Amino acid sequence: MVIRGRSDRLPGRTSVCYLRRMTNQHRSYDPQDIEKRWQAKWRESKAFAGDGSGEPFYILEMFPYPSGNLHMGHVRNYTIGDVFARFHKMQGRDVLHPMGWDSLGLPAENQAIKEKIAPQIRTPKNIKQMKEQMERLGLAYDWSREIATYRPDYYRWNQWFFVKLLEKDLVYRRQNTVNWCPGCNTVLANEQVLDDATCWRGHKGVTTRSIPEWAFRITSYAEELLADLDKLSAWPERIVSQQRHWIGKSFGARVEFPLQGSDKKVEVFTTRVDTIFGCTYVVLAPEHPLTDLIATDEQRGAVEAFVEKTRAIDAIERTAEGAPKEGVFTGATAKNPYTGEVVPVWIANFVLADYGTGAVMSVPAHDQRDFEFASKFDIPIKPVIHPSDGTDLPSPQCEAFTDDGVLRDSGEFSGLTSADAREKMSAFASTNGFGEATVNWHLRDWGFSRQRYWGTPIPIIYCDDHGAVPVPEEDLPVVLPDFDTIELTGEGGAPLGKLPSFYQTKCPTCGKTARREVDTMDTFVDSAWYFARFLSPELDTAPFDQEAAKRWLPVDVYVGGPEHAVMHLLYFRFWTKAMRDLGLLSIDEPVTRLITQGMVNAAAFSCPSHGYFPVSEMLAKPEGERNCPKCNEPLGVAIEKMSKSKYNGVDPMSLIERYGADTTRLYVLFAAPPEKDLEWNPDSVEGLSRFASRIFRVAQAQGDEVRTAELPKSMAGLKGADAEIRRALHRTLAKVTHEVGVRNHFNTAIAAMMELINTFYERKLHEGSALNPGVRREALLTLAQMLAPFAPHLAEEIWSLGGGEGLVAQSRWPEPDPEALERRTLNLVVQINGKLRAQLEVPVDADEDAIDAIAQADENVAKFLEGKIIRKRVFVPGRLVNYVVG
RNA sequence: GCGAGCGUGGCGGAAUUGGCAGACGCGCUGGAUUUAGGAUCCAGUGGACACAGUCCGUGUGGGUUCGAGUCCCUCCGCUCGCACCA
């Protein structure tokens with residue numbers, strides 16, 4: 001027998017111990033050996049492929065971008081999912097637990113540019129390495145369902161969906177404003193633009209530009225996406241609320257202001273039409289189509305300069321809180337249709353072209369932003385709403401009055417309340433044909449064209465005679481050309497646009513020479529429907545099998561990071577509804593229960609002037625000497641999200657090498673409940689490693705008689721320690737079953753098992769013992785089963801040491817024996833005026849009077865009751881009795 | 001500014017429906033074992049005091065209740081998200 005581990009450190013000195021262990025057939029806990037053995041067994045027996053029997057259970061974790069290496073965030077995400085998968089499999093469900101690769105997109109393209117290695121070659125290598133790491137962590141995936149979005153057999157279905165959605169008018173072409181770098185001559189993602197309008201490759205002067213793009217009409221589902229949030233009762237409240245805000249339904253009115261000296265009108269959207277008699281100017285977004293047309297000759301120069309200036313600044317920065325409110329008068333004026341008043345038309349940086357109508361009516365008396373702008377440019381402020389309590393607004397106002405109130409100086413609407421006025425004034429606008437009550441949404445359509453190489457080609461052919469013609473279904477997929485045929489530099493627009501062999505084609509309708517679309521799709525398209533592809537990953541006649549969808553969908557549990565709260569999960573929901581309306585599905589929502597796990601944080605050391613320094617180096621030094629290597633100032637310590645740039649990351653593979661996969665898994669599950677942030681603490685890991693060793697030691701200490709002993713069927717004949725052990729075992733089983741199955745609190749489940757092990761040690765199970773072998777065997781087997789979702793390799797080892805049949809991973813989760821859970825006495829608390837005065841062991845069947853007698857007989861209770869009158873007795877069965885005395 | 005969430009020992013956390021605050025783990029203290037260290041095992045560990053017990057204690061101040069970490073209100077602090085949204 002191989003002896004390894006800690007006892008090997010000083011082989012010469014430990015020979016006595018060594019021999020004793022040899023004779024007792026004891027090994028110390030060696031996770032590396034145990035884990036590799038069981039991983040091989042699982043692999044050989046395809047232990048986690050579904051067998052088609054039992055209630056279906058679909059557990060899905062957000063699939064990763066295959067960077068090649070797992071990080072602690074992945075470990076946490078996938079371990080949580082794995083507990084669900086393994087637990088529900090043991091509960092007898094037919095578990096679907098697949099994994100795949102979100103393998104198109106910008107990171108891979110950038111890596112390809114840098115390394116000059118084709119992503120087609122790099123991606124499978126990364127996938128292979130990451131998959132090995134996942135197997136080393138003991139994750140129970142059904143690898144026969146693996147998918148990778150970079151493969152044409154996956155992305156052809158993106159193209160197929162595109163064509164179907166185009167037929168349904170859920171895809172259309174539009175102009176959109178994007179970040180543009182003149183240096184690279186290309187479009188940039190927000191993340192590629194740094195703060196000061198510098199691009200990621202160092203060019204200054206990033207600006208914006210309007211380009212044509214394809215968009216999904218997600219807004220036509222806005223109402224349903226909002227309403228169905230109510231169905232997501234098993235989603236975190238936080239995520240639902242974020243989605244609600246993002247969809248952003250607001251009720252208001254659309255009002256037309258005719259331009260003076262022109263037949264054009266400025267259309268504004270407002271939620272406060274009740275304030276319109278106080279409107280003293282109108283403001284357009286710089287990108288508003290009317291901007292160019294209406295500027296008068298003397299103002300044209302100023303307007304053009306202003307538009308140019310704002311365009312050079314990224315929209316986020318321009319509209320940030322505290323950014324100065326800039327604007328310029330166009331020279332034009334417009335007529336307020338309610339008052340007939342003529343007001344000036346301005347252009348300002350804070351008005352957004354793509355929200356509402358891109359134009360606002362400004363009421364400085366009742367909107368703080370308008371108030372500041374009017375004050376700065378000396379525009380009149382005209383109050384028309386006064387507080388409902390009849391008080392007057394201060395004159396002059398020092399800030400806007402933004403509450404609802406009562407209208408004054410508002411013609412026939414004077415005297416109405418704001419709420420009444422909004423209704424009546426919208427109706428007035430419709431009657432007179434210059435506006436209407438309307439609903440406005442924050443949600444905008446999903447533009448998905450990307451001027452990139454490493455994405456799904458958009459299957460469209462542009463013909464001079466027939467316009468944009470979709471590629472016929474039988475010609476799909478449009479495959480990405482080989483990497484070595486293109487020149488990938490990150491400059492000069494869409495890479496496919498430089499490859500005539502790709503874009504030169506014939507019109508599917510008339511056969512004339514035509515040009516392919518050279519843009520590719522956003523990778524959010526891939527992840528919008530991947531959950532359905534897992535159902536039938538190899539099907540080549542449809543994106544997924546509809547029968548399988550009926551069986552498996554919706555996904556029962558979806559686990560991932562809260563950073564995807566809005567975009568991914570909204571697109572995911574949208575696509576599900578779109579698939580339903582294509583007749584492919586009958587569900588409205590993709591996921592029943594969503595679990596968003598917290599970040600993995602760790603201490604990070606930083607110097608205010610020299611940035612971050614590696615944690616490992618700093619921890620190696622004594623506490624007082626952790627100073628900046630450059631300036632020798634003491635370094636600050638803060639708990640921050642693990643990241644490369646902060647040098648505070650922990651490599652999961654080195655953890656597994658040192659402690660094993662089981663300890664690593666136990667640690668991430670024990671340190672915090674799934675939805676909370678987890679703070680990395682190297683000392684705590686030791687505690688979990690100790691727990692694993694203690695379990696192993698108990699199993700090792702049992703002799704051969706245990707392996708074949710007959711299991712107890714009831715409490716009959718069990719006394720003393722035997723009965724105590726069996727009761728503790730079944731109580732733990734009931735607790736773990738509830739914590740995992742109902743509450744999804746894995747940390748408390750592990751704590752319960754720790755308590756059980758402590759009980760085992762109290763009864764000397766770790767030293768061998770004279771206890772009933774059947775009780776000991778049951779303890780071993782049941783512990784192995786409870787442990788199986790958390791520390792699956794150790795669980796298999798314990799199962800096998802206890803003479804369990806087959807794999808514990810495929811065993812049936814045990815039921816606690818009700819007889820073992822039964823208690824004859826229970827602990828009852830006695831309070832006097834709400835303060836704890838005694839704890840009593842009372843028979844479970846004792847009634848109120850009996851308990852009253854026992855309680856009053858207690859010395860300490862009697863002491864506090866002496867000379868007092870009991871005014872009231874509160875009796876909570878099974879918990880406490882409280883005497884209210886005076 | 002808006003929205004959401006969170007404040008419990010030296011630390012991570014537990015307390016399921018309003019009913020024993022601090023389970024479990026880390027750390028620390030003491031003991032056993034050991035030539036020693038490590039490892040392991042056992043015991044203790046919220047604070048104070050007149051120490052078999054009592055009093056105080058879940059960010060602050062108030063309220064509801066026989067009883068509040070839990071429910072309501074006020075203030076303070078922290079974290080995350082965001083879009084000056086008309």
Side-chain angles (χ1 to χ4, degrees), chain A residues 5-7 9-10 13-14 28 236-242 244-246 248 250 252 268-272 275 283 315-316 318-323 325 348-352 354-363 367-370 372-373 440-442 562-563 565-566 598-599 666-667 670-673 675-688 690-691 693-694 697 738-739 742-743 745 747-755 758 761-762 764 766-767 827-836 838-839 859-860 863 871-874 876 878-885:
Chain A
R6 293 187 176 112
S7 61
R9 279 184 196 160
L10 294 168
R13 305 284 321 186
T14 52
S28 56
E237 188 51 49
R238 197 162 52 100
I239 305 293
V240 171
S241 152
Q242 279 184 55
R244 184 166 285 126
H245 280 101
W246 191 263
S250 59
V268 305
F269 171 74
T270 178
T271 54
R272 290 298 303 273
T275 66
V283 191
I316 296 163
R318 166 182 133 197
T319 55
E321 179 73 17
K325 287 162 182 44
N349 59 349
F350 60 83
V351 177
L352 304 173
D354 41 16
Y355 183 79
T357 58
V360 300
M361 65 166 204
S362 286
V363 186
D367 181 285
Q368 189 57 29
R369 189 191 47 208
D370 294 343
E372 288 167 25
F373 192 83
N440 195 51
W441 301 88
H442 167 253
E563 66 273 21
V566 174
M599 290 185 295
L666 285 168
Y667 173 73
F670 181 71
E675 66 279 5
K676 287 185 78 171
D677 283 358
L678 186 157
E679 189 187 326
W680 168 249
N681 177 356
D683 289 337
S684 284
V685 185
E686 297 281 353
L688 277 303
R690 207 170 293 159
F691 172 54
S693 303
R694 280 161 72 86
R697 191 166 160 199
H738 186 246
E739 293 298 309
V742 180
R743 302 216 310 152
H745 282 198
N747 52 341
T748 50
I750 293 169
M753 287 188 275
M754 286 174 167
E755 286 184 78
N758 290 344
Y761 267 62
E762 275 163 35
K764 306 291 180 208
H766 62 300
E767 295 173 351
N827 192 275
L828 190 99
V829 168
V830 184
Q831 296 181 341
I832 292 164
N833 286 345
K835 283 192 195 294
L836 174 68
Q839 294 188 43
E859 201 182 318
N860 203 43
K863 193 172 98 192
R871 300 194 188 281
K872 189 173 173 185
R873 193 174 69 200
V874 182
V876 184
R879 288 202 189 263
L880 60 74
V881 56
N882 184 19
Y883 295 101
V884 184
V885 301

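We name chains A, B, ... by the order of the sequence lines, and we start the count at 1 in each one. This structure is a prediction, so every number in the text was calculated from the model and none was measured.
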Handout entry: Short side-chain N/O contact from A/Lys835 to OP1 or OP2 of B/rC56, under 4.0 Å
Key = yes

Exercise for the section: Determine the interatomic distance between C1' on B/rU34 and the same-named atom on B/rC42; round to the nearest Å. Expected result: 16 Å

Practice task
Sequence neighbours left out, what passes side-chain hydrogen bond (donor to acceptor under 3.5 Å, both in side chains) with A/Arg697? Give chain and number order.
Solution key: none

Practice task
Determine the Euclidean distance between corresponding C1' atoms of B/rG22 and B/rG27; express it in Å to zero decimal places.
Solution key: 16 Å

Problem - Nearest-angstrom distance from the residue atom CH2 of A/Trp246 to C1' of B/rG81 - result: 10 Å

Are any protein N/O atoms closer than 3.5 Å to N/O atoms in nucleotides 41-47 of chain B? If there are, list each pair with its distance.
{"residue": "B/rC41", "atom": "OP1", "partner": "A/Arg694", "partner atom": "NH1", "Å": "2.7"}

Protein and nucleotides 15-17 of chain B: nitrogen or oxygen contacts under 3.5 angstrom:
{"residue": "B/rA15", "atom": "OP1", "partner": "A/Arg743", "partner atom": "NH2", "Å": "2.2"}
{"residue": "B/rU16", "atom": "O4'", "partner": "A/Arg743", "partner atom": "NH1", "Å": "2.9"}
{"residue": "B/rU16", "atom": "O4", "partner": "A/Lys735", "partner atom": "NZ", "Å": "3.2"}

Exercise for the section: Only counting residues at least two apart or in another chain, list the ones meeting side-chain hydrogen bond (donor to acceptor under 3.5 Å, both in side chains) with A/Asn440. Expected result: A/Tyr355

Handout entry: Dot-bracket pairing map - RNA chain B, Watson-Crick plus G-U, both contacts under 3.5 Å, | cross-strand
Key = (((((((..(((......[....)))((((((.......))))))((((...))))..(.(((..]....))).))))))))....

Handout entry: Interatomic distance at P, B/rU17 relative to B/rU65, whole Å
Key = 23 Å

Exercise for the section: For nucleotides B/rU70 and B/rC51, find the distance between their C1' atoms and express it as a whole number of Å. Expected result: 32 Å

Handout entry: Nucleotide nearest A/Met754 (side chain, heavy atoms from C-beta), chosen from B/rG25, B/rC85, B/rG19
Key = B/rG25

Problem - Euclidean distance for C1', B/rC28 against B/rG81 (whole angstrom) - result: 40 Å

Exercise for the section: List for me each residue that meets side chain to side chain contact (heavy atoms under 4.5 Å, CB included) alongside A/Met599, sequence neighbours excluded, and say none if there are none. Expected result: A/Asn601, A/Lys641, A/Asp677

Problem - Side chain A/Asn833, main chain A/Val885, donor-acceptor under 3.5 Å - result: yes

Problem - Which residues share a salt bridge (Lys or Arg N to Asp or Glu O under 4.0 Å) with A/Arg272, sequence neighbours left out - result: A/Asp274, A/Asp404

Completion exercise
Of A/Val360 and A/Ile239, the one whose closest nucleotide on RNA chain B sits nearer the 5' end is A/Ile239

Problem - Rounded distance in Å between the C1' positions of B/rU45 and B/rC26 - result: 13 Å

Handout entry: Span that lies between the P atom of B/rG7 and that of B/rC72, in whole angstrom
Key = 14 Å

Problem - Under the side chain to side chain contact (heavy atoms under 4.5 Å, CB included) test, residues paired with A/Asn860 that sit two or more places apart - result: A/Arg837, A/Asp858, A/Lys863, A/Phe864

Problem - Distance-only donor-acceptor test (3.5 Å): side chain A/Asp683, base B/rC26 - result: no

Exercise for the section: May I ask you to verify whether the side chain of A/Glu755 and the base of B/rC24 hold a donor-acceptor pair under 3.5 Å? Expected result: no

Practice task
Pick the P atom in B/rG10 and in B/rG5, then give their distance to the nearest Å.
Solution key: 29 Å

Pairs: protein N or O with nucleotides 6-12 of chain B N or O, under 3.5 Å:
{"residue": "B/rG12", "atom": "O2'", "partner": "A/Ala671", "partner atom": "O", "Å": "2.9"}

Exercise for the section: Using salt bridge (Lys or Arg N to Asp or Glu O under 4.0 Å) as the criterion, list what pairs up with A/Glu739, not counting sequence neighbours. Expected result: A/Lys735, A/Arg743

Completion exercise
Checking B/rG19, B/rG13, B/rA86 against the side chain of A/Asn882 (C-beta onward), the nearest is B/rG19

Exercise for the section: Name all residues meeting the side chain to side chain contact (heavy atoms under 4.5 Å, CB included) criterion together with A/Arg873; count only those two or more places apart in sequence or in a different chain, and write none if there are none. Expected result: A/Glu848, A/Asp849, A/Asp852, A/Val881, A/Tyr883

Exercise for the section: Return the 5'-most residue of the pair A/Gly248, A/Lys872 with respect to RNA chain B, ranking by each residue's nearest nucleotide. Expected result: A/Lys872

Problem - Listed partners of A/Arg244 passing side-chain hydrogen bond (donor to acceptor under 3.5 Å, both in side chains), at least two apart - result: A/Asp230

Practice task
Scan A/Asn860 against the nucleic acid and name what it touches under 4.0 Å (heavy atoms): base, sugar-phosphate only, or nothing.
Solution key: sugar-phosphate

